[in-house]
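The structure appears right after this line, and notes come after that.
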Amino acid sequence: MGGNRPTTLVAGVQHVLDYLKRMQAENPAFFYAVQGDGERMGGSIFWADATARTNYSYFGDAVIFDTTYRTGHYRVPLAALTGLNHHGQPVLFGCALMLNESESSFIWLLQTWLHAMSGRPPVSITTDTDALIQVAVANVLPGARHRFCKSRIFRETEEKLAHIYQSHPTFELEFKRCINETETTHDFEACWAVLLERYYLTENEWLLSVYNARQQWVPVYLRDSFFGELSLPKRLEGLDAFFSGYINASTTIYVLLKQYEKAVSSWHEKELKADYDTANSTPTLKTPSPMEKQAAGVYTGRVFMKFQEELVETLANPATKIEELGTVSTYRVSKFGENHKAHTVSFDSSESKARCSCQMFEYSGIICRHILAVFRPKNVLTLPSQYILKRWTRNAKTGVAVDPIPDASNDSQESLTVRYNNLRQEAIKYVEEGAKSIHMYHVAMEALEEAAKKVAAVKNKGRGDVQVGVAANGDGQQLHSTGVNQMGPTQSAAEKEKRMQGLRSELESMNQRCEFYRKNLLVILRDMEDQKLKLSVKVQNARLSLKE
């Protein structure tokens, strides 16, 4: 976009800035920053709310940098940083309006985002193949495993080789099999060579370029790094999973913020529903294994189904010992009739540690059928703790969200954000418990009201050992100019009142959420009663039919 931005977009930027300033005033941990001189609005804009920052502390190991707008002629250049939560659902880590698409602008965005996320880099990041983004990732996240979006490359291949797709209908299937189903790098290399020979594409420049980049997008080269994927459905594949269905090429900047809020709210509700379903349903066990029972109580519903699939498959994948050296045993594991696809598993009995050549655990965080098959002869009856990633469990979002509780005397903006997130997480526990019954609802409400009274009492007494702060743009001002001044150690009564208003707004929001949960639970209970009544009528009718 650079300097050729549409006039309507430039005019709408102030609308976005006004929104961000308002959100920051209402929420102590809302973060936003403007690249360069905010007065001239010549640079890009980044923002992340408190939930995004907290979610990153739980699920920020694998990140997706969504720049779909660059390939779809979008009216608004909205980029997003996202990931997957403990249910495998998209979760947001921050957004940006890329008003400037220079190399320095992408570097600024990733630097600013990383700063907002307390400086903790991800294990891996997935992006499109753009050269500017590659440079930015290499500069800001040199330690992260950088992967290119596979589905994007598939789409681009179809465009570049349209004549091949039309004249040879089998090419697409063979091409995807070569990418997705080869088990080793040797298998991929051999399959790729055969594919190019069969369709006379050995000199094709596009295929040569994607082959040269194979270590950044072909799965067999990436299995040693964590990307946290659980065989996602097609609708969640690619870079645009979070805003798909909410923001498209025709969305204007004036509609953008409403659609942004709808998407955030919708995914939040889906996560709550998944949490509720996991907590209030009992998975059907398919084996007598104590390990399956253990996993059913530890994992979320969707993750357990993935684990269960692997466990059941061990029945068709026997393990054969091929070597033993001290405490380390090596096994060959393959499906009946598929010895050519065997995997090698090494198991150290002194530490109950295993490693498989398929590297599924390293890639997804779920233990594979091959290691599970070896556990059986080794009499490993329950999952060792090192094979249960907290990010996939029911308790993924418990505990301290980001950093340890800071010293109360530390008044930095980062400390204010940490205190805010810790208080918010504790309050959410009351919301979740309070939604379970009418009695618990009233108990939680009384607790929150009592807490509000104590906070107000401390404020009125003017005690200096308790400080409430706003994590405003000041925490990013050392990186870039935002036009917002940092708060000094001496604060006026008006400033303190403004900060207290932020906490009161948060408490009110929690009260509203609690009421929302209560109503939903009542609806569910009524539905259950209706179903029980219908079932009772059916049983009665069946009995009458039998008597007749």
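Worth knowing before you read on, the calculation uses all heavy atoms, side chains too, and leaves out hydrogens, waters and symmetry mates. One-based numbering along the sequence shown. None of these values were measured; they are calculated from a predicted model.
Taking the centre of each ring, F175 and F154 come in below the 6.0 Å mark. Here W113 and F65 keep their ring centres 6.0 angstrom or further from each other.
Not a single donor-acceptor pair under 3.5 Å links the side chain of R53 to the backbone N or O of A48. S105 places no side-chain N or O within donor-acceptor distance of the main-chain N or O of E101, the cut-off being under 3.5 Å. Formation of a donor-acceptor pair under 3.5 Å by the S265 side chain with backbone atoms of K262 is not found in this model. Judged by distance alone, with hydrogens and angles left aside, the side-chain atoms of R177 form no donor-acceptor pair with the main-chain N or O of C191 at under 3.5 Å.
Annotation: E338, atom CD; neighbour count of heavy atoms from other residues, nucleotides and ligands within 6.0 Å is above 12.
Scanning for salt bridge (charged side-chain N to carboxylate O under 4.0 Å, His left out) contacts around E362 gives R355, with sequence neighbours left out. Scanning for salt bridge (charged side-chain N to carboxylate O under 4.0 Å, His left out) contacts around R198 gives E174, with sequence neighbours left out. A search for ring-ring contact (aromatic ring centres under 6.0 Å, His included) contacts involving H146 returns F148, not counting sequence neighbours. By the ring-ring contact (aromatic ring centres under 6.0 Å, His included) test, Y331 pairs with no residue at all, sequence neighbours left out. K273 pairs by the salt bridge (charged side-chain N to carboxylate O under 4.0 Å, His left out) definition with D277, not counting sequence neighbours. Qualifying side-chain hydrogen bond (donor to acceptor under 3.5 Å, both in side chains) partners for S357, counting only residues two or more places apart in sequence or in other chains: H343. In terms of the side-chain hydrogen bond (donor to acceptor under 3.5 Å, both in side chains) criterion, residue partners of T251 (sequence neighbours excluded) are, by chain and number, N248. Qualifying side-chain hydrogen bond (donor to acceptor under 3.5 Å, both in side chains) partners for N204, counting only residues two or more places apart in sequence or in other chains: none. Not counting sequence neighbours, T202 has no partner by the side-chain hydrogen bond (donor to acceptor under 3.5 Å, both in side chains) test. R147 meets the salt bridge (charged side-chain N to carboxylate O under 4.0 Å, His left out) test with E229; sequence neighbours excluded.
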Checking N85 against E271 for the side chain to side chain donor-acceptor pair (under 3.5 Å) test, could you report, in this order, the C-alpha distance in whole Å, the side-chain angles of both residues, the deciding distance, and whether it holds?
CA-CA 8 Å; N85 67 9; E271 180 178 311; 3.1 Å; yes
Might you work through the side chain to side chain donor-acceptor pair (under 3.5 Å) test for H86 and D275, ending with a clear yes or no?
CA-CA 9 Å; H86 50 322; D275 284 339; 3.1 Å; yes
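Between L99 and S44 the shortest heavy-atom distance is N-OG, 3.1 Å. Counting all heavy atoms, side chain and backbone alike, F307 lies closest to E292 at CE2-CA, 4.2 Å. The two atoms that bring C358 and H370 nearest to each other are SG-ND1, 3.6 Å, heavy atoms only. Considering all non-hydrogen atoms of both residues, W192 and L207 come closest at CZ2-O, 3.5 Å. Looking at every heavy atom in both residues, T129 comes nearest to Q134 through O-NE2, 2.7 Å.
Tested against F93 for a ring pair (Phe, Tyr, Trp, His ring centres under 6.0 Å), the candidates F46, Y56, F31, W47 yield a single pass: Y56.
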Please tabulate, for side-chain N and O atoms in residues 158-173, each donor-acceptor pair with protein atoms closer than 3.5 Å (sequence neighbours left out).
unit_1: S167; atom_1: OG; unit_2: H163; atom_2: O; d: 2.8
unit_1: T170; atom_1: OG1; unit_2: Y199; atom_2: OH; d: 2.7
unit_1: E172; atom_1: OE2; unit_2: K176; atom_2: NZ; d: 3.2

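Looking only at atom types and distance, the side chain of N395 has no donor-acceptor partner in the side chain of T393 under 3.5 Å away.
Between I153 atom CD1 and K150 atom NZ the span is 10.0 Å, to the nearest 0.5 Å.
Residue pairs meeting the side-chain hydrogen bond (donor to acceptor under 3.5 Å, both in side chains) criterion with at least one partner in residues 215-228, sequence neighbours excluded, are R145-D224, R145-S225, E189-Y221, R214-Y221.
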